Student: 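Quick one: this structure, given as structure tokens, is what I'll be asking you about.
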Amino acid sequence: MNAAQPVRGTHDLIGEQQRRHAHVTETARRVTGLYGFDEWATPVFENTSVFARSLGDTSDVVSKEMYTFTDRGGESLTLRPEGTAAICRALVTNGLTQSLPQKVFYAGPMFRYERPQKGRYRQFHQIGAELIGPSEPLADAEVIAMGRDVLGALGIADEVVLELNTLGDTESRTAWRTALVEYFSAHREKLSEDSQVRLEHNPLRILDSKAQADRLLIEDAPLLDQFLNDASRRFWDDLRNGLNAFGVSYTVNPRIVRGLDYYSHTTFEFVTTRLGSQGTVLAGGRYDGLVEEMGGPATPAIGWAGGIERLGMLLEAPPEVVAPVAVIPQGNEAEHRAVQVLTLLRSAGVRAEMAWRGNLKKRMERANKAGASHAVIIGETELAKGTVQLRNLSDGLQQEVRPDDLASLLSHSKKAEQNT
RNA sequence: GCGGACGUAGCUCAGCUGGUUAGAGCGCCGGUUUGUGGUACCGGAGGUCGCGGGUUCAAGUCCCGUCUUCCGCCCCA
């Protein structure tokens, strides 16, 4: 087995895998549609500045975790590592900041140069939703409720819990961060090596450190709650009231943070324990500063993204394929009639297939292997009489019918099957 | 980027302390006298044991390197 392999961290989606992906995407598209969201599709690559700008100076991510390359024209391009920055760019370049709110759904591949693990790939796929325009906390609640509904429609609501936090507005968060840096600096030597580095450029991340050494310090670290100004506190209260109104249950987790400055207020993650350390399945927050960083006017926005691979892995059973009907002619003359029957069935909306070769027995085997629900058999006798044999492959019952009656007989029979 | 585990037929795996032509189950293909599948029986194809180097009379089995996958860490927009 020396065949060519796909690039590290990439996968082919075939059969059940692809069906799981498609089911996640279609379900999310349908549910977000119920909330009035429309789908956008943006390019899978952008000028590097689109993503670099949104990331600010978190140099690690920009230099090491993005698929960046120079094209033949000398432009620096980057395969999109996430969806939100590109949506904001599209909002600005299409002048849609003039027609708010925008309710956007998207789905597609994303690319990050990371070490692969289960549920973490270099090309992976996300669904996402962005609500751009409203600054009211009820909008946040609605967007979170929509996420909850997507998970519910996928049948995995019981697999995940919603963890919720607030980052406050810029003023509150800045005050809090200053206090955190002060606190951790005072205990610098007790911090883990990693966290000492974090203290320099991303102090909030110390709060979700996994190092044992950090845990004790974190417990006594100052809480944002003490630094929330009145406006932020009101927003936080209204958000939780809104969630109650939408019937969304959650647990508050003060350790959910975001590293970048354009985030504010709401932040949340739907988490499962079933996927090891890659358990965040759908996450988001409010990013009131991002559209402005893209060169647009200051525009409030809230959104989330979910990993299709991870969601697909949580699905109980893979979505079923529709069982086809196998049309089986015997002899060259019957084949001609068979083609007519195929056409008849397909135009009636029935999934129908015919093998290109083989005797009756062979074709019956094929039909069975293909998971066909029925076989339509046309032999010399039937050809002469203008009839066909309709055989139900699950119970083996067979009846002689007229071709014109096939479509209605099949749809009745299939409905009956679904009910059992 | 750091640490660890794994890698034998399409799939799941067996192969004792290195020793003749590398096995099983499932799957696949064919047959059991040709107008009927799913069960049963019979037969067959398919592996340079991830790749490269080394030790040895001899390596799937030991050593080194490399790649992939998986588990943690870093990162998580």
Side-chain angles (χ1 to χ4, degrees), chain A residues 1-11 14-15 50-66 78 80-88 110-122 124 126 128 192-195 197-198 201-202 204-205 208-212 256-263 267 269 275-280 283-285 287 290 293 303-305 307 326 328-331 334 355 358-383 389-398:
Chain A
M1 191 183 58
N2 203 358
Q5 286 181 331
V7 173
R8 178 179 210 191
T10 68
H11 292 88
I14 296 173
V50 169
F51 304 113
R53 195 184 306 190
S54 75
L55 289 164
D57 59 351
T58 49
S59 50
D60 241 34
V61 176
V62 174
S63 60
K64 291 162 90 172
E65 321 246 343
M66 297 203 307
T78 295
R80 61 180 184 195
E82 54 108 16
T84 307
I87 294 294
C88 290
M110 308 290 166
F111 306 83
R112 296 183 188 180
Y113 194 86
E114 297 185 294
R115 177 150 247 168
Q117 278 178 38
K118 185 186 285 299
R120 183 175 211 188
Y121 308 110
R122 290 190 167 182
F124 60 106
Q126 285 189 329
S192 67
E193 244 178 84
D194 285 329
S195 286
V197 177
R198 282 191 272 245
H201 53 261
N202 204 348
L204 297 201
R205 281 285 169 201
D208 56 7
S209 165
K210 287 161 187 160
Q212 198 61 41
I256 296 185
V257 294
R258 294 282 117 105
L260 303 176
D261 284 337
Y262 56 72
Y263 285 107
T267 179
E269 300 184 355
L275 296 176
S277 58
Q278 311 301 332
T280 301
Y287 49 96
L290 183 55
E293 296 214 21
W304 50 251
I328 301 179
Q330 223 190 359
N359 57 24
L360 177 54
K361 183 182 169 66
K362 264 280 90 83
R363 290 179 190 232
M364 283 297 285
E365 281 175 12
R366 288 238 159 271
N368 195 59
K369 221 162 279 175
S373 63
H374 296 78
V376 174
I377 301 161
I378 308 165
E380 280 175 37
T381 321
E382 290 77 26
L383 195 60
Q389 296 289 341
L390 175 61
R391 183 180 181 86
N392 182 324
L393 291 181
S394 50
D395 58 21
L397 294 179
Q398 187 167 315

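Keep in mind the model is a prediction, meaning the values are calculated, not measured. Numbers restart at 1 for each chain; the letters A, B, ... are given by sequence-line order, proteins then strands.
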Student: Could I get the full list of side chain to side chain contact (heavy atoms under 4.5 Å, CB included) partners for A:Arg8, not counting sequence neighbours?
Tutor: A:Arg115, A:Pro116, A:Arg122
Student: Given a 3.5 Å cut-off on both pairing distances, which stems involving RNA chain B, each at least three consecutive Watson-Crick or G-U pairs, are present, if any?
Tutor: B:1-5 with B:69-73, B:10-13 with B:23-26, B:28-32 with B:40-44, B:50-54 with B:62-66
Student: Tell me every residue that passes salt bridge (Lys or Arg N to Asp or Glu O under 4.0 Å) with A:Glu380, counting only those two or more places apart in sequence or in another chain.
Tutor: none
Student: If every non-hydrogen atom of A:Ala375 is compared with every non-hydrogen atom of A:Ile328, which pair is closest and at what distance?
Tutor: CB-CD1, 4.1 Å
Student: If I take atom CG from residue A:Asp208 and atom CD1 from residue A:Ile256, how far apart are they, to the nearest 0.5 angstrom?
Tutor: 9.0 Å
Student: Tell me: CG of A:Leu360 to C1' of B:rU34, nearest whole Å?
Tutor: 10 Å
Student: Below 4.0 angstrom from OP1 or OP2 of B:rG35, is there any side-chain N or O of A:Arg391?
Tutor: no
Student: Looking at residues at least two apart in the chain, or sitting in another chain, which of them share a side chain to side chain contact (heavy atoms under 4.5 Å, CB included) with A:Lys361?
Tutor: A:Asn359, A:Glu365
Student: Measuring only the P atom in each nucleotide, how far is B:rC75 from B:rG65? A whole number of Å is fine.
Tutor: 28 Å
Student: Determine the minimum heavy-atom distance between A:Phe124 and A:Arg112, stating which atoms define it.
Tutor: CZ-NE, 3.6 Å
Student: Expressed as a whole number of angstroms, how long is the span from A:Leu393:CG to B:rG38:P?
Tutor: 11 Å
Student: Taking B:rC42 as the reference, what is the distance to B:rA58 when you measure between their P atoms (whole Å, please)?
Tutor: 43 Å
Student: Using atom CE of A:Met364 as one end and atom P of B:rG35 as the other, report the distance to the nearest whole Å.
Tutor: 14 Å
Student: Can you list everything that forms a salt bridge (Lys or Arg N to Asp or Glu O under 4.0 Å) with A:Arg363? Sequence neighbours excluded, please.
Tutor: A:Glu335
Student: Which whole number of Å gives the distance between the C1' atom of B:rG23 and that of B:rG47?
Tutor: 11 Å
Student: Mind checking salt bridge (Lys or Arg N to Asp or Glu O under 4.0 Å) for A:Arg366 and listing every partner two or more places apart, or none if nothing turns up?
Tutor: none
Student: Looking for any heavy atom pair under 4.0 Å, which part of the strands does A:Glu269 touch: base, sugar-phosphate only, or nothing?
Tutor: nothing
Student: Tabulated below should be each protein N or O lying under 3.5 Å from an N or O of nucleotides 31-33 of chain B; please produce it.
Tutor:
{"unit_1": "B:rG31", "atom_1": "OP2", "unit_2": "A:Lys362", "atom_2": "NZ", "d": "3.4"}

Student: List in chain and number order the residues that pass side-chain hydrogen bond (donor to acceptor under 3.5 Å, both in side chains) with A:Gln398, two or more places apart in sequence or in another chain; answer none if no residue qualifies.
Tutor: A:Gln389, A:Arg391
Student: Suppose you measure atom P in B:rU39 against the same atom in B:rC28; what distance do you get, rounded to whole Å?
Tutor: 9 Å
Student: I need the minimum non-hydrogen distance between A:Thr78 and A:Phe51, along with the two atoms involved.
Tutor: O-CE1, 3.7 Å
Student: Taking atom C1' in both B:rC16 and B:rC74, what distance in whole Å separates the two?
Tutor: 42 Å
Student: For A:Glu269, give me all partners under salt bridge (Lys or Arg N to Asp or Glu O under 4.0 Å), at least two apart in sequence or on another chain.
Tutor: A:Arg258
Student: Whole angstrom is fine here: how far is it from CG in A:Asp395 over to C1' in B:rG37?
Tutor: 13 Å
Student: Base, sugar-phosphate, or nothing: which does A:Asp194 touch, judged by heavy atoms less than 4.0 Å apart?
Tutor: sugar-phosphate
Student: Please report the distance, rounded to the nearest Å, between CD in A:Glu193 and P in B:rG3.
Tutor: 14 Å
Student: Can you tell me the distance, in whole Å, between the CG atom of A:Leu383 and the P atom of B:rG35?
Tutor: 16 Å
Student: Taking the C1' atom of each, how far is B:rA9 from B:rU48, in whole Å?
Tutor: 13 Å
Student: Rounded to whole angstrom units, what separation is found between the CD atom of A:Glu82 and the P atom of B:rC75?
Tutor: 18 Å
Student: Starting at the 5' end of RNA chain B and moving along, which residue's nearest nucleotide shows up first, A:Arg258 or A:Asn368?
Tutor: A:Asn368
Student: By nearest atom, which of the nucleotides B:rU36, B:rG35, B:rC76 is closest to the A:Asn202 side chain?
Tutor: B:rC76
Student: For B:rC2 versus B:rC63, give the span between their P atoms, rounded off to a whole number of Å.
Tutor: 23 Å
Student: Nearest-Å distance, NE2 (A:His201) to P (B:rC74)?
Tutor: 12 Å
Student: Looking only at heavy atoms, what is the nearest atom pair of A:Gln278 and A:Gly119, with distance?
Tutor: CB-O, 4.4 Å
Student: May I ask you to verify if any side-chain N or O of A:Lys64 is less than 4.0 angstrom from the OP1 or OP2 atom of B:rC76?
Tutor: no
Student: Could you check whether A:Arg198 gets within reach of a base, just the sugar-phosphate, or nothing at all, counting any heavy atom under 4.0 Å?
Tutor: sugar-phosphate
Student: Let me spell it out: for each of A:Thr381 and A:Tyr263, pick the nucleotide of RNA chain B with the closest heavy atom. Which residue's pick is nearer the 5' end?
Tutor: A:Thr381
Student: Check the interface with nucleotides 67-72 of chain B: list each N/O to N/O pair with the protein under 3.5 Å, or write none.
Tutor:
{"unit_1": "B:rU69", "atom_1": "OP1", "unit_2": "A:Gly9", "atom_2": "N", "d": "2.7"}
{"unit_1": "B:rU69", "atom_1": "OP2", "unit_2": "A:Arg8", "atom_2": "NE", "d": "3.4"}
{"unit_1": "B:rC71", "atom_1": "OP2", "unit_2": "A:Lys118", "atom_2": "N", "d": "2.7"}
{"unit_1": "B:rG72", "atom_1": "OP2", "unit_2": "A:Gln117", "atom_2": "OE1", "d": "3.4"}
{"unit_1": "B:rG72", "atom_1": "OP2", "unit_2": "A:Ser277", "atom_2": "OG", "d": "3.3"}

Student: Please identify each residue that fulfils ring-ring contact (aromatic ring centres under 6.0 Å, His included) with A:Tyr262, with sequence neighbours left out.
Tutor: none
Student: Which whole number of Å gives the distance between the P atom of B:rA45 and that of B:rC6?
Tutor: 34 Å
Student: Under the side chain to side chain contact (heavy atoms under 4.5 Å, CB included) rule, collect the residues that match up with A:Thr10, sequence neighbours excluded.
Tutor: A:Pro6, A:Val7, A:Gln123
Student: Starting the side chain at C-beta, find the nucleotide from B:rU36, B:rC74, B:rC75 nearest to A:Ile377.
Tutor: B:rU36
